[in-house]
Peer 1: 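One structure follows; several queries about it will come next.
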Amino acid sequence: MGWPMGGEINPSLLTLRHLRHLDLSFNDFGGMPIPEFIGGLASLTHLLLSGSFFGGQIPPHLGNLSNLLILDLSNQMHSCYSPDLAWVSQLWKLQYLGMSQVDLSAAVDWAHVVNMLPSLITLELQSCGLRSTMPPPLNSNLTSLENLYLDSNSFNSSFGANYLAWDLPALRVLSMYSCGICGYIPSAVGNFTSIRSLVLDNNNFSGMVPLTFKKLKELQMLKLSHNLISGAIEDLLLHRLPTDELQELHLDHNSLTGRIPARLEHFSSLTTLRLNDNKLFGEVPVGIRELTNLKELRLNSNNLHGTITEDHFMNLTSLEVLWLSNNSLTVLVNNTWNTPFKLTSASFRSCILGPQFPIWISQTTLGTLDISNTSIHDSIPDEFWTAVSRAKILDLSGNQIVGRLPTVFLFGGLEAMILDISSNQLVGPIPTLPKSLLYLDLSGNNLSGKLPTDIRAPEMQVLMLFKNSFSGIIPCSLFELEQLKFLDLSENQLNETLLDCPHAPETSNLFMLSLNNNNLSGEFPSFLQRCKELKFLDLAYNQFSGSLPTWIGSKLPYLAFMRLRSNMFSGGIPVELTGMKGLQYLDIASNNISGDIPMSFGNLMAMAHTPNQQDALFQIVHFRSASTYMFLIDPSDMNSLVVVTKGQELEYTTGIAYMVNIDFSCNRLTGKIPWEIGMLVALTNLNLSWNHLSGMIPQTIGELQAVESFDLSHNELSGEIPTSLASLTSLTHLNLSYNNLTGTIPSGNQLRTLDDQPSIYVGNPGLCGPPISSNCSGTGITPRALEDGHEGVSDGLSLYLGIGTGFLAGLWIVFFGFLFKQN
């Protein structure tokens, strides 16, 4: 295939008076408009301009091409539009019209115009911004229309009994994927007596499909996935669907209930059956073996239980895809069972396959295998690694697999792109890695030794090695991986200073770096100056020392999460840090930081607005790689990030992206609390305890309407408690103890709901009024001795980060689904 053409199209084409076929598709015209003079090529029967990067308005002059049979203007990628389709009505010979991704949002009469094309056989208007399904014309002229594609238009309405499509007697294909159609599927669908393919997935259809579906005797493909279809699966399969020709049945991601029917032999032509992600219960019937042509069976994510045996698969010699994951199923077969099928994709997550390693699953045809959390308590036999050497995705996580990783010959020879053996009981060092790896998770084992100095996987993007026993230095080979985006080495025994790594790329693509809970030392890592894309940095619980560098603000402009707690950093808080517009989570607690809190903290813009999908932490949670594949974290599956807030350790899962946090506790800060801190109205946690702050609590504290945890205890604050504190309606934890506060304690509905209210104010002998015993009449005030020591508080303010496993679980699940989604 040659290079695409570009530039201007010469009007000399008009000299070709007898030109019938003009194909300029799949070129690059850089957004230039389609030339008007093309409308003068009167002899044209075929005009193919798809995928050529034209832009602007489609010239109505194309309506002069009265001999056109084929017109394809689809997929221009630039802003190509047509305010109406009146010019199309002149193309009365047209048999094929393709305008997918052309903006037709202003063409409100599109259905009436199309109805004026009596010879039309195929109409493709996907992603055109159509907003109205339009009532049908009084008399339909589309008697020849066989293929109608209207996917990804926002109709956002119900079908209705008078929908245009019901009066198309020759229709064989109707595709309306993701059109926002709601309500019941009307009985008029039974008019599609010639229909072969009906694609209605990813809409909002509800209720049960009508009985008239039985009339669709020629139906071969039915896609109703991702809707709100409800009712009993037995009624649907036995009484409402045609059976003779049906080959593909997609009913996944609905609300179907009941048991799968015991007898299914009447679906003898079925090759694909997707019933996953419903509410089915009961056992998987042995009658499933009567689907002798079945190639794909997906029953995952239901409430199925019971035992699967070899009898279930006796006749399924064509089976290639088998997904049973996320059910309460036990697969009870001979460990060396010689299966009648050869699988390309299999998922048994959370079923019971163990305790022995299921050798029968070692099939050379596998491209994807998920046997995570399947109760395997055994070592991995060498023959397994040999059999799956060509597999692209392997997930063996969450078992009790013992032993060592295989030899260099077996492990390094894998073709895997995704490899997850996390949360097992593996020991020993890491062998040579497969060259093809993009994603590797070996976290939560007991692997040991030094990290490899030669990473032979140059395209690695995600490397998770946390919760092991690796020791020694962190080699530069990790930071020399040009595509690496996620690196988590936390909770190991790594030590010494971080190397500067002069051979690492001048600009790193690193997105997330977690090194917490090791024995690393030295100053703040200077190589981070090359990590301009870094959004998440966790160096907590190490022995780093020295001052925080002033270059943090300029060299890490997109940083959203920075946790440096429990190190030995000293010096002041750099003013430059307050210029980090995306910083949403800042924790420098339990260090030796001194000096004043910069007044410019009001410049932290990400703390001044409610987190949204455009913020950097959301970009981490919903990370999309730039490669052909997509890694996506499902927040519902993220492991917990334990955040010190409300005076204790609390777990945050889906809320990580919503956390807006400042924790400066257990340092040596002095001076006043700047009033500008009241500008950070999105703060959910503010902890300045165990410092030497003085002066009054600023009245602007009342602006922090989102704050849930507020701790100023163990400082030298004086004056009255601002009355604005009572307006903090989200507050659930407050600690002002052990200061020099005086006057009447404010009252308010929210303050009265807090737990252990007297302890909030203890150690302030000048305070009076409820909830403490001292009244404000001038008598009965009993000075309280200041209690000494930090025992049970500073140590109790520990923070543990398990973000790595969370990234893995979500990345894995959706990546897994993306690679094998429906075509």
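Below, all heavy atoms of this structure are taken into account, side chains as well, without hydrogens, waters or symmetry copies. In this text the structure is predicted, and so the values were computed from the model without any measurement.
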Peer 1: Under 3.5 Å, is there a donor-acceptor pair between the Asp538 and Asn516 side chains?
Peer 2: yes

Peer 1: Looking at Gln425, I want to see if its CD is surrounded by more than 12 non-hydrogen atoms of other residues, nucleotides or ligands under 6.0 Å.
Peer 2: yes

Peer 1: Taking it one step at a time, do Phe479 and Leu499 satisfy side-chain contact (heavy atoms from CB on, under 4.5 Å)?
Peer 2: CA-CA 10 Å; Phe479 300 109; Leu499 303 175; over 6 Å; no

Peer 1: Any ion pair linking Arg298 and Asp252 (charged N to carboxylate O, less than 4.0 Å)?
Peer 2: no

Peer 1: When you measure from the side chain of Thr684 to the backbone N and O of Val660, does any donor-acceptor pair fall under 3.5 Å?
Peer 2: yes

Peer 1: If you compare all heavy atoms of Thr365 against all heavy atoms of Leu343, which two are closest, and at what distance to 0.1 Å?
Peer 2: OG1-O, 2.6 Å

Peer 1: Mind checking disulfide bond (SG atoms under 2.5 Å apart) for Cys351 and listing every partner two or more places apart, or none if nothing turns up?
Peer 2: none

Peer 1: Can you name the side chain to side chain donor-acceptor pair (under 3.5 Å) partners of Asn75, sequence neighbours left out?
Peer 2: Gln101

Peer 1: Got a sec, which residues hit side chain to side chain donor-acceptor pair (under 3.5 Å) with Thr407, two or more places apart in sequence or on another chain?
Peer 2: none

Peer 1: Asn591 side chain to Leu564 main-chain N or O, any donor-acceptor pair under 3.5 Å?
Peer 2: yes

Peer 1: Can you pull out every side-chain hydrogen bond (donor to acceptor under 3.5 Å, both in side chains) where at least one residue sits in residues 353-362? Sequence neighbours excluded, please.
Peer 2: none

Peer 1: Of all residues at least two apart in sequence or in a different chain, which pass the side chain to side chain donor-acceptor pair (under 3.5 Å) check with Asn202?
Peer 2: Ser178

Peer 1: Name the orientation class of the two ring planes belonging to Phe536 and Phe561 (parallel below 30°, tilted from 30 to 60°, perpendicular beyond 60°).
Peer 2: parallel

Peer 1: Going by heavy atoms in the side chains, are Leu498 and Leu528 under 4.5 Å from each other?
Peer 2: no

Peer 1: Under 3.5 Å, is there a donor-acceptor pair between the side chain of Asn542 and the main chain of Leu515?
Peer 2: yes

Peer 1: Given 3.5 Å as the limit, does a donor-acceptor pair link the side chain of Asn445 with the main chain of Leu426, or not?
Peer 2: yes

Peer 1: Would you find a donor on one side and an acceptor on the other, under 3.5 Å apart, between the side chain of Asn667 and the backbone of Gly595?
Peer 2: no

Peer 1: Short question: side chain of Asp587, backbone of Ala589 - any donor-acceptor pair under 3.5 Å?
Peer 2: yes

Peer 1: For Asp663 versus Ser665, what's the shortest heavy-atom pair and its separation?
Peer 2: OD1-OG, 2.7 Å

Peer 1: What is the minimum heavy-atom distance between His609 and Met605, and which atoms define it?
Peer 2: CD2-O, 3.2 Å

Peer 1: Does the plane of the ring in Phe544 sit parallel, tilted or perpendicular to the ring in Phe569? Use 30° and 60° as the thresholds.
Peer 2: parallel

Peer 1: Which heavy atom in Phe524 sits nearest to a heavy atom in Ile552, and how many Å separate them?
Peer 2: CZ-CD1, 3.9 Å

Peer 1: Please confirm whether Lys485 makes a cation-pi placement over Phe511, using NZ or CZ under 6.0 Å from the six-membered ring centre and within 45° of the ring normal.
Peer 2: no

Peer 1: Please check if any side-chain donor atom of Ser469 sits under 3.5 Å from a side-chain acceptor atom of Ser448, or the reverse.
Peer 2: no

Peer 1: Which pairs, with at least one residue in residues 445-454 and sequence neighbours excluded, count as a salt bridge (charged side-chain N to carboxylate O under 4.0 Å, His left out)?
Peer 2: Asp454-Arg456

Peer 1: State whether the side chain of Asn661 and the backbone N or O of Tyr585 hold a donor-acceptor pair below 3.5 Å, judged by distance alone.
Peer 2: no

Peer 1: Checking Asn300 side chain against Asn326 main chain: does a donor-acceptor pair fall under 3.5 Å?
Peer 2: no

Peer 1: Can you list every disulfide (SG to SG under 2.5 Å) pair that touches residues 383-489, not counting sequence neighbours?
Peer 2: Cys476-Cys501

Peer 1: Does anything in residues 404-418 pair up under salt bridge (charged side-chain N to carboxylate O under 4.0 Å, His left out), and if so which pairs, sequence neighbours excluded?
Peer 2: Lys392-Glu415

Peer 1: Among Ile401, Leu396, Ile352, exactly one meets side chain to side chain contact (heavy atoms under 4.5 Å, CB included) together with Ile376. Which residue is that?
Peer 2: Ile401

Peer 1: Decide, yes or no, whether a salt bridge links Glu506 with Arg530 under the criterion of side-chain N to carboxylate O below 4.0 Å.
Peer 2: no

Peer 1: If a pair satisfies side-chain hydrogen bond (donor to acceptor under 3.5 Å, both in side chains) and one of its residues is in residues 518-527, list it, with sequence neighbours excluded.
Peer 2: Asp500-Ser526

Peer 1: Among Asp382, Ile380, Leu405, find the residue that satisfies the side chain to side chain contact (heavy atoms under 4.5 Å, CB included) test when tested with Leu410.
Peer 2: Asp382

Peer 1: Among all residues two or more places apart in sequence or in another chain, which pass the side chain to side chain donor-acceptor pair (under 3.5 Å) test with Asn399?
Peer 2: Thr374

Peer 1: Once ring-ring contact (aromatic ring centres under 6.0 Å, His included) is applied, do any residues pair with Phe601, and if so which ones, sequence neighbours excluded?
Peer 2: Phe664

Peer 1: Are the side chain of Ser375 and the backbone of Gly354 linked by a donor-acceptor contact shorter than 3.5 Å?
Peer 2: no

Peer 1: With Phe470, which residues qualify under ring-ring contact (aromatic ring centres under 6.0 Å, His included), at least two apart?
Peer 2: none

Peer 1: Measure across Pro458 and Leu481 and return the closest heavy-atom pair with its distance rounded to 0.1 Å.
Peer 2: CA-CD2, 4.3 Å

Peer 1: Would the distance check show the side chain of Asn567 and the main-chain N or O of Arg565 forming a donor-acceptor pair, the cut-off being under 3.5 Å?
Peer 2: yes

Peer 1: Report the C-alpha separation of Asp370 and Ile393 in whole Å, then their side-chain angles, then the decisive distance to 0.1 Å, and conclude whether the side-chain contact (heavy atoms from CB on, under 4.5 Å) test is met.
Peer 2: CA-CA 8 Å; Asp370 182 357; Ile393 299 174; over 6 Å; no

